[in-house]
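Comments concern the structure below.
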Amino acid sequence: MAEIETPGVLPKRESELREAFLEQVDIVPGGEKLRKCIQCGTCTGSCPVSYAMDLSPREVIARFRAGDIESILKSRTIWICASCYACTVRCPQDIKITDLLYALKRVSMEKKIRRSRSVYALSDAFVRSVKMFGRNWELALLTEFYLRTNPLNLIKMAPLGLRMLRAKRLGIWPERIKGRGDLKKIIERAEQIERPQERVAARAVTDEVGYEAIQP
Amino acid sequence: MDYTYYPGCSISASAKPYDDSTRAVFEALGMGLHELEDWNCCGATVYMSVKETVSFAISARNLALAEKLGRDVVAPCSACYLVLNKANRFLHELPDLSEKVNDALSAAGLKYEGTVRVRHPLEVLVNDLGVEEITKRATKRLDGIKIAEYYGCQIIRPERTFDDQEFPQTMDQLFAALGAENVYFPMKVRCCGGMLMTTSDEVAMKLCYDLIECAKGNGADCIVTTCPLCHMNLAAYQDRLSRRFGMDLHIPVLWFTELLGIALGLDVKTLGLDHHLEPITDKIMSLAGL
């Protein structure tokens, strides 16, 4: 965990991470509502997988407001979230907790804070399939995933694969869309999208949060 | 009543019976489903953790293609339904984002104005046709079948869509009207673990155990679901779950279109009931006419 020596002043790495996080948060409508968290714990109580997390969802917000982003990014929590949105719909302050966890996942991926090899492997394989075929080829996705994480699991999963094959539910060949070239162009351009003017507004709001939380 | 059909990747392969039964039910009820030509993957939850703007842009390609046709989009996969709706909402709420996504679309000569409605087949059937009308057209009653209706997450969360977010009733009312008995099942909207079955299977196994144990413990003959991934998690690992938790956790898991198809008199093959991974009990099979 990062040391905070002077209230309101973040260590360099923390401030870099915070910057990266805010870039992500500004794309979430209502992302600035973090400030309104009353630490009631409804999110944690509603989460079906909080028992398996090292930081509860409530704690994630508390730590963020205290300026400690590094520990969140290194936590198991962001990779355990199954994205079921139970916290989001119950939050009395209307904080989009799931979307914030997505934002944290993206920072973690971008900064290559490799905590969950399996999630990276799955995302990589998925993105490649979409770029190549325009659709997700499940068979190749899962084969690549298991090869990259734990090839022994391929053996463990083989019986299920065979059952699916027998049930005619395994796509042996990829489905390719005709507009692959078009889709690639769209993806390439969308990868470049940045939205700087909103970033400034979001930074102003959430920085204020950080100060409030750590001042006596 | 005509709709643009967005099947999605799972439904085209691993959840094929959901595709078969959805098409068959719509046809039997005289509602037109026209598959969106050359649709692409919606990006699912995965692309959202990689690069959100790309997630929105690839969804926008589908929405732009659908917009030209002027019909509502029907998306049976819960993840597609959520992702397309989420893209719609973000593009609507953030004009700046919409402009940039449209710039990306223009690379392929497309434009999205934001007028498409993305709907779930369950909601379309119940709201556009109505439970009463569906009951009238049913040729078979579901009397004596006890079911646990499982809605999962994404068709009711995070967007406020067509049903209550804590205690949805759409399927319950539909199947009750067709004669089935709904068992006490408080886990209607509890998460099945989604992709965690691949990335952290121990956690997902626990969630699936909770769901199946609750349904079976309350006497359900089957679980009825609306989502390819929920179905995969609940149906494909029943042997492993039973070994892991030391009890029999086998139960038929039907897509709601399969059970509805049975009531409409459609046969096992048309509905894809013979392509399940978990054992379908005699009780369900005999109801389906086998």
Side-chain angles (χ1 to χ4, degrees), chain A residues 24 27 29 48-49 51-52 79-80 82-86 88-90 96 98-99 102-103 105-106 109 116 118-119 122-123 126-127 129-130 133-139 142 145 160 163-164 167-171 175 177-179 181-183 185-193 195 197-198, chain B residues 9-10 12-17 38-41 43-54 56-58 60-61 89-90 93-94 96-97 100-101 103-105 107-110 153-154 157-158 160 165 189-191 193-196 198-200 202-204 207 210 236-237 275-277:
Chain A
Q24 295 292 336
I27 211 168
V49 291
Y51 77 92
W79 306 115
I80 290 291
S83 169
C84 81
Y85 295 94
T88 300
V89 300
R90 287 188 182 163
K96 312 284 181 216
T98 313
D99 288 337
Y102 269 123
K105 284 181 208 185
R106 289 192 293 271
M109 291 228 195
S116 170
S118 60
V119 174
L122 189 72
S123 314
F126 187 93
V127 165
S129 179
V130 173
F133 309 118
R135 290 189 190 163
N136 165 20
W137 183 20
E138 293 164 322
L139 176 62
L142 291 174
F145 171 78
L160 176 60
R163 274 195 294 148
M164 292 188 61
K168 299 192 174 60
R169 285 170 55 176
L170 203 60
E175 285 192 20
I177 68 166
K178 280 180 279 174
D182 280 355
L183 186 67
K185 282 186 224 156
I186 294 175
I187 292 177
E188 275 164 12
R189 216 180 268 192
E191 278 171 348
Q192 305 306 320
I193 296 180
R195 305 166 54 244
Q197 64 276 41
E198 289 192 8
Chain B
C9 305
S10 302
S12 309
S14 59
K16 196 76 181 90
D38 214 38
W39 55 269
N40 57 265
C41 172
T45 49
V46 182
Y47 234 123
M48 237 179 290
S49 6
V50 180
K51 178 91 184 168
E52 206 169 32
T53 49
V54 176
F56 293 143
I58 61 178
R61 177 178 179 271
R89 177 169 63 87
F90 272 58
E93 285 180 17
L94 303 169
D96 164 69
L97 177 69
K100 289 186 167 145
V101 164
D103 177 58
L105 285 181
L110 290 170
C153 306
Q154 303 184 323
R157 289 195 302 262
R160 194 167 285 284
Q165 292 187 311
V189 298
R190 182 65 136 45
C191 178
M195 283 312 284
L196 285 185
T198 310
T199 56
S200 307
E202 263 305 303
V203 179
L207 297 178
D210 288 346
Y237 305 94
H275 291 167
H276 274 243
L277 301 171

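Sequence lines set the chain letters: A, B, ... in the order given, protein chains first and strands last, and positions in each chain run from 1.
Heavy-atom distances place both the backbone and the side chain of Ile187(A) under 4.5 Å from chain B. When heavy atoms are compared at a cutoff of 4.5 Å, Glu191(A) approaches chain B by way of both its backbone and its side chain. Interface remark: Leu207(B) contributes side-chain atoms only to the contact with chain A (heavy atom separation under 4.5 Å).
We find the NZ-CD distance between Lys51(B) and Gln192(A) to be 7.5 Å, quoted to the nearest 0.5 Å. Atom CD1 in Ile58(B) sits 9.5 Å away from atom CD1 in Ile186(A) (nearest 0.5 Å). For the atom pair NZ of Lys168(A) and NZ of Lys16(B), the computed distance is 12.0 Å after rounding to the nearest 0.5 Å.
Among Ser10(B), Ser12(B), Cys9(B), the one residue that satisfies the side chain to side chain contact (heavy atoms under 4.5 Å, CB included) test with Glu138(A) is Ser10(B).
Scanning both residues, Asp103(B) and Arg189(A), for their nearest heavy atoms gives O-NH1, 2.9 Å. Shortest non-hydrogen contact noted between Arg169(A) and Ser14(B) is NE-O, 2.6 Å. The two atoms that bring Arg135(A) and Asp38(B) nearest to each other are NH2-C, 4.1 Å, heavy atoms only. Heavy atoms only, all atoms of each residue included: Leu196(B) and Trp79(A) are closest at CD2-O, 3.8 Å. Closest of all the heavy-atom pairs between Val89(A) and Arg157(B) is CG2-CD, 3.4 Å. Nearest heavy atom pair, residue Ala190(A) against residue Ala57(B), reads CB-CB, 3.4 Å.
Chosen from Ala107(B), Gly193(B), Cys153(B), the residue pairing most often with chain A at heavy-atom distances under 4.5 Å is Ala107(B). Of the listed residues (Gly194(B), Gly43(B), Ser200(B), Ala60(B)), the greatest number of heavy-atom pairs within a distance under 4.5 Å of chain A belongs to Gly43(B). Contact tally against chain B (heavy-atom pairs below 4.5 Å) for Ile80(A), Thr88(A), Thr98(A): the top residue is Ile80(A). Put simply, of Ser129(A), Gly181(A), Ala86(A), the one with the most heavy-atom pairs under 4.5 Å next to chain B is Ala86(A). Here Lys178(A) is the residue among Lys105(A), Glu188(A), Lys178(A) with the most heavy-atom pairs under 4.5 Å with chain B. For chain A, the option among Val203(B), Val189(B), Leu110(B) with the highest count of heavy-atom pairs below 4.5 Å is Val203(B). Interface summary for chain B: among Gly134(A), Cys84(A), Pro48(A), the most heavy-atom pairs under 4.5 angstrom belong to Cys84(A). Counting heavy-atom pairs closer than 4.5 Å to chain A, the top residue among Val46(B), Val101(B), Leu105(B) is Val46(B). Most heavy-atom pairs under 4.5 Å with chain B, from the set Ala82(A), Gly171(A), Ser83(A), Ala52(A): that is Ala82(A).
Looking at Val130(A) and Asn40(B), their side chains never come closer than 4.5 Å, going by heavy atoms from C-beta outward. In this structure the side chain of Phe133(A) never reaches within 4.5 angstrom of the side chain of Cys41(B), judged on heavy atoms.
Residues meeting the side chain to side chain contact (heavy atoms under 4.5 Å, CB included) test with Thr198(B), sequence neighbours left out: Leu122(A), Leu142(A), Phe145(A), Tyr146(A), Met195(B).
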Tyr47(B)/Val127(A) under side chain to side chain contact (heavy atoms under 4.5 Å, CB included): CA gap, chis, key distance, verdict: CA-CA 7 Å; Tyr47(B) 234 123; Val127(A) 165; 3.4 Å; yes
